[in-house]
Each structure stands twice: as C-alpha cells, then as structure tokens.
2 protein chains.
Amino acid sequence: MARWEPNPRERLERAALALFVEHGYEATTVAGIADRAGLTKSTFFRHFADKREVLFGGQDALADGFGEAIRTAPPGTASVDLLAAALLAAAPFFGPERHDLGRQRRTVIAANSELQERELLKRARLAAVIADALRERGTPETAARLAAEVGVLAFGTAYARWAEPDNRQPYPQIAHAVLAELRACAADLGAQAPAPA
Amino acid sequence: MARWEPNPRERLERAALALFVEHGYEATTVAGIADRAGLTKSTFFRHFADKREVLFGGQDALADGFGEAIRTAPPGTASVDLLAAALLAAAPFFGPERHDLGRQRRTVIAANSELQERELLKRARLAAVIADALRERGTPETAARLAAEVGVLAFGTAYARWAEPDNRQPYPQIAHAVLAELRACAADLGAQAPAPA
DNA sequence: TAGGTGATGGGACTCGGTCCCATCGCAGTG
DNA sequence: CACTGCGATGGGACCGAGTCCCATCACCTA
C-alpha cells in the first residue's frame, strides 16, 4: 500500500517537476501530482502551502545560509565581500549533480508568470534577509538596501548562467565573476556626476 | 438599469479598493466587487485578467512612460540622469490629489502576499523596460541590468516615502533625493576593493 | 492486546477563473 | 418606424485551487 512509503515531500517534488516538464505547469493538476506520488490532494497541501510552492522548497534554507554567512564574516569585511560570502554559501545547492534538475526547474518557471511571481517573492525575501544582516553590521539603511539588491541580482545572474544547458563552470567561479562585474558597474554608475537640478 | 452606466472599469477599481480597505483583500469576493459596482462577475473578468489586477491598472502606462523618457533624452546623458528622467516621467501619476488613494493602495498591498507578488512582477517588468531602453542607447548588458535595478529600487523607495501618511513633499523632489542617495551608495559599493580570491 | 499519536484518505465546500450563449442597448439602414 | 448588425453585459455551467473536518490507518508503547 502506498501509505507510509518514505519521503512523501520529496516524492511530491519529483512528481511535480516531471509533470510540469511533460505537460506544462497549468495543464498539471494537484490531484495528478499526488496520484503520481502515490498520495492524495489532501496530503499535498499538508506538505506545501500551494501548488507553486512545490518548486520552491529549498529557498528558505538558502535565505538562512545567506544571512548566516554575512553574520559570521570577520569584522571589517567590505560589503562586496560580504555579498561574495553569501553567494558562496549557496554553493552546496548547486553542485554539478543538480545541474539537470536546476535547468528543468528554470525552464518550467520561465514558461509561467505565476511561477515567476513566486520566484520574485522569494528573491525579495532573500534581499530582505541580506539587508537585515548588513544592517546588523552597522551598514546604513540605503546602502544596505542597495547592496542587498545587487547581491540578489548577482545571485540571479549566477544561477541563470550556471543552469545554462551548455555550462560547465562550477557555481562558485561564476558567482565570483558576476559579482566582480557588477562591482565595476556600480563604480561606473556611482562615479557619474549627476546633472544639476 | 445598471447596464450602460459609464466607466465600468473605473467603477470596478473604486469598488474593489473600498472593499479591500473595509474587509481586507482575501475576505472580498469578485462577485462582491462587481455587485458594488452594479455589474457582474463576468464583466469584472472582461476588464481585468484576475482579481489582483484591479489594483495594478496604471502600471503599464507607467512602464511606457519610463521607456519613453529614457529613449527621448538627449544623446550622451549619463545613466543616472536617464534614471532621473524616467522617475520624473511618473510624476503625473503621483499628484497630491492622489495621495490618499496611493496610501490606501499601499496599505492593502502590504497586508497581502499575493498582492506583493503581483507588485514585484510589475516592478520586474519595469526593470526590463528600463534595461531595454538603456541597451538601445548602447549601455552594456550588465551595466544596463544594474542601472535598471537601481532605478526600480529608487522608484519603489520614492513611492513609499511619497505615500507615507504624513508626507507633504512632492514626488519629484523625493525622487531626486532618493536617486542621489543611491548614487552615492553605488559609488561606495563600487569603490571597495574586493578581497583577492 | 489495548490504547495513543501522527500522518493519510476522502468528501463537502467556497471561490477564482473560463467558457458559452442569451440578452440588451445603440447605431445605421431601408 | 421596423429591421439588422454589433459590442457590451448577464447568467449559468463548469473546472481546479485551496480549506475544513472527520474517519482511518500504521507505528509505538504500556
């Protein structure tokens, strides 16, 4: 009997991703996902708050890792390096063995605006975590908000490049490169003298 | 008879905001909004793609204005000043007479994460419009993305400050101040030498 | 062997959203 | 003054997401 087989949550996640890839997000019903995992609709909603959330399970752990990395960095570390530390804390989630899953997940999300909304919400929470951690270190309000936004942009770009089908570079290398590039752009942007009002 | 009274779209928007303020977003049904506007559920969905969208009607016009402002700026204008031009293009939407509406709208959105998701999506589209317009002017990819993100952050901050209950400053003044502050922070962030890998 | 506990199954229900068709009001036309 | 075409509305059937409640099952412990 299907009841009491292990890891119902993980089974649901796998079933959902497979069905989303096969038939698309909208054409897939929650009952269908549950069926494929040998469970029911009730159980699905006991493990996930809604249909979208089945694709975003790891995001909370990610945010925790970001905050922790910034908080435990040595005193006096520059903001850019704090961002680097945060991005690297995500490395365990992006090993080469998860490359295919990451690519599929990205494809599914890219095809549906509901899922994009959810991803943006997760990123906003990520930015909030980063900004909070920076504020705890004494970074002024606006500087913390900007750095958090840059960090999230860097993370999103790095994730996108890592998940590219033909990518072979490891995530940490990509993250460093993206962050360095963004830092340079920030310098350019900040150096421009604003026109007199 | 209620049929054929003018401005059904605007009536629906007013009815929705009023009910959201009174009972909250979730406790309000689409049928209830339509009733209050003297219309039906069918008509509601003929004017708005979904329940959330009734609060985000102006966002598309906003994005158009942003793109237009950047495209029509004099050649050679610095990126920061292009962002300033874009933010000022939004000024007509934020006259003092709309202050109360803006404040109510913000309160409703702040209380519901579904609405926050939609707002984030709209802002992402805004960022995409800005980045596209900057690319058209020859701004390199990464610089355009960063500048767009900064622009959206500036807009969000300016809108939030403008909609504060006790705010009396006009929107353009706030926008300029926020942007100047962010430019300074970008300079700081970019000036930090990254630690050697 | 008899509970006790936590996870699951299952069904009823509400509401968002889609679809289709009948209906209405307003032209314009003869 | 009818007739007709057109666009907007009303209304009902329908599906799926999500909630709620309760019965049921498997495992553990006394």
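Each chain gets a letter, A, B and so on, in the order its sequence line appears, and its residues count up from 1. A quick note: this is a predicted structure, and the numbers were derived from the prediction, not measured.
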| said: For a quick check under 3.5 Å, do R137(B) and S79(B) share a side-chain donor-acceptor pair by atom type? | reply: no
Expressed in angstrom and rounded to an integer, what is the separation of [X] atom [atom1] from [N] atom [atom2]?
{"X": "L115(B)", "N": "dG16(C)", "atom1": "CG", "atom2": "P", "value": "12 Å"}
{"X": "E53(B)", "N": "dG17(C)", "atom1": "CD", "atom2": "P", "value": "10 Å"}
{"X": "R11(B)", "N": "dA8(D)", "atom1": "CZ", "atom2": "C1'", "value": "12 Å"}
{"X": "D50(A)", "N": "dC15(C)", "atom1": "CG", "atom2": "P", "value": "19 Å"}
{"X": "F45(B)", "N": "dC15(D)", "atom1": "CZ", "atom2": "C1'", "value": "14 Å"}
{"X": "K51(A)", "N": "dC15(C)", "atom1": "NZ", "atom2": "C1'", "value": "16 Å"}
{"X": "R9(B)", "N": "dT9(D)", "atom1": "CZ", "atom2": "P", "value": "12 Å"}
{"X": "Y25(A)", "N": "dG17(C)", "atom1": "OH", "atom2": "C1'", "value": "14 Å"}

| Closer than 4.0 Å, any side-chain N/O of H47(A) to the OP1 or OP2 of dT8(C)? | yes
| Does the side chain of T43(B) get closer than 4.0 angstrom to OP1 or OP2 of dA8(D) through an N or O atom? |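 Answer is no, no contact under 4.0 Å.
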| R118(A) bridged to D50(A) by N-O distance under 4.0 Å | yes
| message | Once you apply a heavy-atom cut-off of 4.0 Å, does R52(B) come out as touching a base, just sugar-phosphate, or nothing? | response |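 Sugar-phosphate only.
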| query | Which of the following nucleotides, dT9(D), dG10(C), dG16(C), is nearest to the side chain of L39(B)? | reply |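 Side chain of L39(B) sits closest to dT9(D).
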| query | To the side chain of T29(B), which of dT9(D), dG9(C), dG16(C) is closest? | reply | dG16(C)
| Residue whose nearest DNA chain D nucleotide is more 5′ - E26(A) or R46(A) | E26(A)
| Is atom CZ of R9(A) surrounded by more than 12 heavy atoms (other residues, nucleotides or ligands) closer than 6.0 Å? | yes
| Between the base of dG11(D) and the side chain of S42(B), is there a donor-acceptor distance below 3.5 Å? | yes
| Donor-acceptor pair (no angle test) under 3.5 Å: K41(B) side chain, dG17(C) base |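 Yes, the side chain and the base share a sub-3.5 Å donor-acceptor pair.
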| task | Have a look at E53(B) and tell me which of H47(B), K122(B), Q59(B) forms a side chain to side chain donor-acceptor pair (under 3.5 Å) with it. | result | K122(B)
| note | ring pair (Phe, Tyr, Trp, His ring centres under 6.0 Å) with H99(B): of F94(B), Y159(B), Y171(B), W162(B), only one passes, and it is W162(B)
